[in-house]
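First comes the structure, then the notes that go with it.
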There are 2 protein chains.
Amino acid sequence: MKLSSKGRYAVMALVDLARFNEINPVSLRDISLRQGISLDYLEQIFSKLRKNEIVQSVRGTQGGYVLNKKAREIKLTNILDAVDEKVKTVQCKKELKKGCNGKPTKCLTHNLWDELETHINNFFDKKSLEDLVQDNLDRRV
Amino acid sequence: MKLSSKGRYAVMALVDLARFNEINPVSLRDISLRQGISLDYLEQIFSKLRKNEIVQSVRGTQGGYVLNKKAREIKLTNILDAVDEKVKTVQCKKELKKGCNGKPTKCLTHNLWDELETHINNFFDKKSLEDLVQDNLDRRV
DNA sequence: ATAAACCTGACTAAAATAGTCAAGTATCTT
DNA sequence: AAGATACTTGACTATTTTAGTCAGGTTTAT
């Protein structure tokens, strides 16, 4: 089990953006250069972030992206959700009525994975973009 | 990001095994039938569990597998480790000296993923096979 | 002897991942 | 009006991972 880059890139890009957000729209080109993420890939990611109203786009020269809410109000959950990177521990979930694994009852470990999912999502719910930016400033000093 | 079946199956199979463990070696055939997991796949999984000394094998007729330690002493961490399903949040870890993403410094979110990994592994460290068996007995009543 | 069970390694179809590529459209600056 | 910058969209693709299957063993109780 591993976290995919799309999710990591999304968070990295937003932390980068959040640091310059107050001043000007931030272009993907700048983020691409600073963070070493392919421009094309960033575009894919930001398209989703925009559709989920996490960022706003400003077209034209000097354009770029701006946060759509305060950094404090953007939680990791929102970001990962937007790029379809939420944690899914069980497949059987969608077919709850049928039970797991084609059996009429829940599988022996169903509750376990449910608990795990909650555990992880708690972590994501608590962390905001602001926390991450602050974290970086702290380390810099 | 999703948990893969191999890890889930390994845990399911061991919970099943743990319930009959005291009496006799449990054959993979039985686990396969009870849990609806392909026999061939189970063999692959148990080969790893054996190499990691989580189970012992008993060959020949009436053979099967037996836990190698008390259920209380087998943690989820051990199981997932054995089948190579530990959580890996960052790739850059192996190249720590070089920093992340080919850059000379850690990426903006490095600490975050580290924290997450710890958070998840804490969960796995706490849960033992015994806990899971008990959980199932509780629900049965 | 034979059947039950473990053991091993190679193989493979399907899905997910991590992008790339191409062809736009909108807006600012001059 | 022209050009440059930057967003926008959708299709495409190579690679890797996943989730197994398959074939051919070996060991041991009866």
Side-chain angles (χ1 to χ4, degrees), chain A residues 1-13 17 20 24-33 35-52 54-66 68 80 83-92 101-102, chain B residues 1-13 17 20 24-33 35-52 54-66 68 80 83-92 101-102:
Chain A
M1 175 168 126
K2 68 170 209 254
L3 204 69
S4 67
S5 336
K6 200 191 284 181
R8 278 192 301 120
Y9 286 169
V11 177
M12 265 167 78
L17 194 160
F20 297 93
N24 269 320
V26 180
S27 74
L28 294 190
R29 191 168 160 281
D30 287 352
I31 297 182
S32 165
L33 289 174
Q35 304 305 327
I37 305 169
S38 123
L39 179 58
D40 282 316
Y41 205 19
L42 277 177
E43 281 172 349
Q44 230 183 81
I45 292 169
F46 272 77
S47 160
K48 294 187 177 194
L49 293 175
R50 191 175 58 85
K51 278 177 190 142
N52 283 270
I54 291 175
V55 295
Q56 271 190 348
S57 68
V58 180
R59 301 187 76 149
T61 323
Q62 304 303 316
Y65 286 92
V66 187
N68 203 21
L80 296 175
V83 296
D84 304 317
E85 292 295 337
K86 275 218 109 164
V87 185
K88 276 158 241 145
T89 52
V90 245
Q91 277 77 349
C92 30
N101 240 12
Chain B
M1 176 167 124
K2 69 169 207 258
L3 204 68
S4 66
S5 337
K6 199 190 286 180
R8 279 192 301 119
Y9 285 169
V11 178
M12 265 168 79
L17 195 160
F20 297 93
N24 269 319
V26 180
S27 75
L28 294 190
R29 192 168 160 281
D30 286 353
I31 297 182
S32 165
L33 289 174
Q35 304 305 327
I37 306 168
S38 122
L39 178 59
D40 282 317
Y41 204 20
L42 276 177
E43 280 173 347
Q44 231 184 81
I45 292 170
F46 272 76
S47 159
K48 295 189 176 190
L49 293 175
R50 191 174 57 85
K51 278 175 192 143
N52 283 270
I54 291 175
V55 295
Q56 269 190 349
S57 68
V58 180
R59 301 186 76 150
T61 323
Q62 305 302 318
Y65 286 92
V66 186
N68 204 22
L80 296 174
V83 296
D84 304 317
E85 291 296 337
K86 275 217 107 166
V87 185
K88 276 158 241 143
T89 51
V90 243
Q91 277 78 346
C92 30
N101 242 11

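Computed over heavy atoms, backbone and side chain alike; hydrogens, waters and symmetry mates excluded. Lettering follows sequence order; numbering is per chain, from 1.
- Rounded to whole Å, atom C1' of dT17(C) lies 12 Å from atom CD1 of I45(A).
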How would nucleotides 22-30 of chain D be written as a contact map, 5' to 3', with B for base contact, S for sugar-phosphate-only contact and - for no contact, using protein heavy atoms under 4.0 Å? B--BBBBB-
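- Closest to the side chain of S27(B), out of dG20(D), dA5(C), dA6(D), is dA5(C).
- In this structure, of dC7(D), dA6(D), dT20(C), it is dA6(D) that holds the atom nearest to the side chain of R29(A).
- If you take CG of L3(B) and P of dT17(D), they are 17 Å apart, rounded to a whole angstrom.
- Going from atom NZ of K51(B) over to atom P of dC7(C) covers 10 Å, rounded to whole Å.
- L28(B) and L42(B) get closest at one heavy-atom pair: O-CD1, 3.6 Å.
- Across the protein-nucleic acid pair, F46(A) atom CZ and dA18(C) atom P stand 17 Å apart, rounded to whole Å.
- Place V58(B) and K6(A) on DNA chain C by their nearest nucleotides, and V58(B) ends up nearer the 5' end.
- L28(A) places its CG atom 18 Å from the P atom of dA26(C), with the value rounded to the nearest Å.
- At a threshold of 4.5 Å between non-hydrogen side-chain atoms, the residues K51(B) and S47(B) count as touching.
- At the phosphate of dC7(C), OP1 or OP2 sits under 4.0 Å from a side-chain N or O atom of S57(B).
- A straight line from OH of Y41(B) to P of dC7(C) spans 19 Å, rounded to a whole angstrom.
- For D40(B), there are no side-chain hydrogen bond (donor to acceptor under 3.5 Å, both in side chains) partners two or more places apart in sequence or in a different chain.
- Between the CG atom of D84(B) and the P atom of dT16(D) there is a distance of 18 Å, given to the nearest Å.
- In this structure, F46(A) and Y65(A) have tilted ring planes: the angle between them lies in the 30° to 60° band.
- In this view, D84(B) and K48(B) satisfy the side-chain contact (heavy atoms from CB on, under 4.5 Å) rule, not counting sequence neighbours.
- As a whole-Å value, the separation of Q56(B) CD from dA5(C) P is 19 Å.
- Side-chain N/O atoms of R50(B) include none lying less than 4.0 angstrom from OP1 or OP2 on dC6(C).
- In terms of phosphate contacts, S38(A) brings no side-chain nitrogen or oxygen within less than 4.0 Å of OP1 or OP2 of dA18(C).
- When heavy atoms are screened at a 4.0 angstrom cut-off, Y65(A) is found touching the sugar-phosphate backbone but no base atom.
- Residue contacts for V55(A): at a heavy-atom cut-off of 4.0 Å it reaches no nucleic acid atom on any strand shown.
- Here the closest non-hydrogen pair linking I37(B) and S32(B) is O-OG, 2.8 Å.
- Contact annotation: the side chain of V11(B) approaches that of L80(B) to within less than 4.5 Å [non-hydrogen atoms, C-beta and beyond].
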